[in-house]
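Here is the structure we will look at, set down as structure tokens.
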Amino acid sequence: MADSTEIGARFSAGSAGSARPREDGPGSLVVLPRTRGPQRPSHNLPLELTSFVGRERALAEVKRLLQSARLLTLTGPGGCGKTRLALKVAQDVVERFENGAWLVELAPLSDPALVPQAVAQALGVRDQPGRPLTETLADSLGSEQLLLVLDNCEHLIEATARFVETMLTRCPDLHILATSREPLNVGGEANWSVPSLSVPEEGRLLPAEDPARYEAVRLFVERAEAILPDFALTDRNAPQVTRVCRRLGGIPLAIELAAARVKVLSVEQIAGRLDDCFGLLTAGSRTALPRQRTLRATIDWSHALLGQEEQTLFRRLSVFAGGSTLEVAEAVCAGEGLEGDEVLDVLSRLVEKSLVVMRDRDGEARYHLLEMVRQYGWSKLEESGEAETVRRRHAIFFLALAEEAELTGAEQGVWLDLLEAELDNLRAAIGWSIEGGEPEMWLRFAGALSYFCYLRGYYGEGREWFEGALPGDGAAPAPLRAKALLGVGLLAFLQCEYERATALLRESAALYRELADKRGLASTLQLLGSVEREQGRYEQARAFHQESLDLSRESGDEAGVANALAHRGIVAWMEGDYERAAQLCTQALPMCRGLGETHATVWSLIVLGTGAHHHGDHERGTKLLEESLALSLEGYAEGVPFSLNQLGIAAYRRGEHEQAAALLKVSLVLHRDLGNGWRVASVLEGLAEVASVHGNHERATRLFGA
């Protein structure tokens, strides 16, 4: 049964805009054209009570599209600002239309048959007994130049589409601007997806003096100031405001609800509660539609419109922390209630309905849920009882990916980029292996991903992930434990925790000897040699590297041979034996390049480049070091600051002290980010020497002391 709003929509208000009919033959109704006059308004658009923030490009683009398309549908998820954008556009272009711009709110309706009635009520057109109202409307509008704004069409999508198609066919100068969570799919429709407000990129702190640079931050600040006049963006709260806006995906409704909390919570507290955004974001306007008063109500509205298969895939997609490709979604989400070959079709419908966002990444589509939508989907997954099953599937898939990845050789860069793209999913999978009591899976992740953490610079995070995976009683299968010990030992070494690294690596070596695994043992001995080298124990380092070289040759491991030669060259270089270092690295370099051993190639170039500078061949030395830097920038985190460090030292020796200081400062920042204390100390020493040459003895003393 229709509610009071729907019943009211059946009757005309009898406004000054009503058509004045004249008879033109039996059974026909011809409506005289309606023109503006002093008594007739040009629109029924509401007066907005709050400022319209940002969207300059969006406004310009929508207005441009509206000039060429008679039907333009603004699509996007709930709360993204479709209605507000449509109303702003209509207000700006109303003078283009001789007969004005008219808003029709469809959200209160539940009966599809009432779409024409709602339009008739807004336009002041009377229903003619015994005649379809759509025909009456079409005759009433005739050739009028009019903009019709149909707001919130998604729950009446088919009825709205039929009505729109009829009206556009019959009324040649009618333009329709619709808002919906999915397109109407009517011929001639232009669809424009409403973007989120701009937010600062991950890792970028917002300058407090420039709040208008990002639309989301500007909206938060303006709404917070309206509630709390003393609120201001400061150096202290800017990072937290940035975090709030980024976590909320730049969705205006969510940001406004968050800003409403500044009266009772600090921005830091708001940011800290975003893991439960549905409990936090509930302070909506009392006069808003019920589905716009809380974030949960907004997404409830969208979820209720989904079919069973769509709901199933939607909640299962929430397991992905960093989005997924189609192939991954098919592997993880298919199962009871959803066949693998159905995933693409259902996923396409979720994209159309604005619950899933598709982004092109290097020519491959990735599918994401906005963070707040993902939280909602996760709550539905837990309610369904499927959460553990889906999480297990997810963890198994990403463990297989991590173990399949070839992090050495010609395809190293491709695999590193793939793992980087799936980093958030890998984090989630590791977390489940820990929380779910899967110690063997946790250990396998440690063995598979430690080298990735090394190459991409995740030293501290890798240690946090994997140190706890090593059971003290040694109960795990020996091959898994040996590989994990090697990986965690590598990360401990990179953080300059040499005693811990040595203990882990010696246990790994002992296990590999018991297993008669020459390749595993060679890798462990090589790393033990590096630990000794960094502590200045060069004789022991040479012995470990030599044994690693012998084992690699015995097992036919060309990559192991190349790495051992390069590392022996590094030891000679650190001892000051540049001729021996050059001899070893000249032998290793073509092997490392041919095998795609990035880190050994970089270190060979560094040794040869610094050796050339030492012998006065600055042109060749600089060329080699610049090559090491360029190669490192492709994905070897440690090589970047070390190459910069050596380029800085070379510039200092050439007397180019300003250039040296600039290079060393960048190197210092990057080494600190990596958490390599020994390298930081080395760079500080170089900066102190530069400061001393410039006569800044106070700064030099301070740097030496650091």
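Residue indices begin at 1 and follow the sequence shown.
- Of the possible donor and acceptor atoms, none in the side chain of N237 sits under 3.5 Å from a partner among the backbone N and O of E268.
- A salt bridge does not link R580 to E575: none of the charged nitrogens lies less than 4.0 Å from a carboxylate oxygen.
- Using a 4.5 Å heavy-atom cutoff, the side chains of L633 and V640 are in contact.
- The line from CZ of F398 to CG of L419 is 10.0 Å long, rounded to the nearest 0.5 Å.
- Considering only heavy atoms from C-beta on, L605 comes within 4.5 Å of T601 through its side chain.
- No donor-acceptor distance shorter than 3.5 angstrom exists from the side chain of R542 to the backbone of R568, with no hydrogens or angles considered.
- Here the straight-line distance linking atom CG of N645 with atom CG of L664 works out to 5.5 Å at 0.5 Å rounding.
- Between F642 and W573, the ring planes are perpendicular. Angles over 60° get that label, and only those under 30° would be called parallel.
- Inter-residue side-chain proximity for Y367 and L317 is flagged as unmet; no heavy-atom pair is nearer than 4.5 Å.
- A distance-only check finds no donor-acceptor pair linking the side chain of R481 to the backbone of E507 [under 3.5 Å].
- Sparse packing is recorded around CZ of R653, with 12 or fewer heavy atoms of other residues, nucleotides or ligands lying under 6.0 Å away.
- Between Y636 and Y454, a ring centre-to-centre spacing shorter than 6.0 Å is recorded.
- Using a 4.5 Å cut-off on side-chain heavy atoms (C-beta onward), H599 and E638 make no contact.
- Atom CD of Q240 sits in a crowded spot, with more than 12 heavy atoms from other residues, nucleotides or ligands closer than 6.0 Å.
- Checking side-chain atoms of S508 against main-chain N and O of L504 turns up no donor-acceptor pair under 3.5 Å.
- The CZ atom of R359 sits 15.0 Å away from the CD atom of E364 when rounded to the nearest 0.5 Å.
- A salt bridge links E422 with R366; the closest basic N to acidic carboxylate O contact falls under 4.0 Å.
- Within the 4.5 Å cutoff, side-chain heavy atoms of H613 are placed close to those of T622.
- Atom CZ of F544 sits about 4.5 Å away from atom CG of L528, to the nearest 0.5 Å.
- A salt bridge is defined here as a Lys NZ or Arg NE, NH1 or NH2 lying under 4.0 Å from an Asp or Glu carboxylate O, and R513 with E547 meets this definition.
- Ring geometry for H615 versus Y578: interplanar angle over 60°, hence perpendicular rather than tilted (30 to 60°).
- Rounded to the nearest 0.5 angstrom, L401 CG and W415 CH2 are separated by 6.0 Å.
- Side-chain atoms of Q535 come within 3.5 Å of backbone atoms of V531 as a donor-acceptor pair (strictly under, hydrogens ignored).
- Atom-to-atom distance recorded for L480:CG and E440:CD is 5.5 Å, nearest 0.5 angstrom.
- By the 6.0 Å contact criterion, CZ on R236 is open, its count of non-hydrogen atoms from other residues, nucleotides or ligands being 12 or less.
- Residues P479 and L515 have side chains in contact (heavy-atom distance under 4.5 Å, counting atoms from C-beta outward).
- The main-chain N or O of V607 is found under 3.5 Å from a side-chain atom of T610 such that the two form a donor-acceptor pair.
- Just one residue in the list E404, E438, E403 forms a salt bridge (charged side-chain N to carboxylate O under 4.0 Å, His left out) with R444, and that residue is E403.
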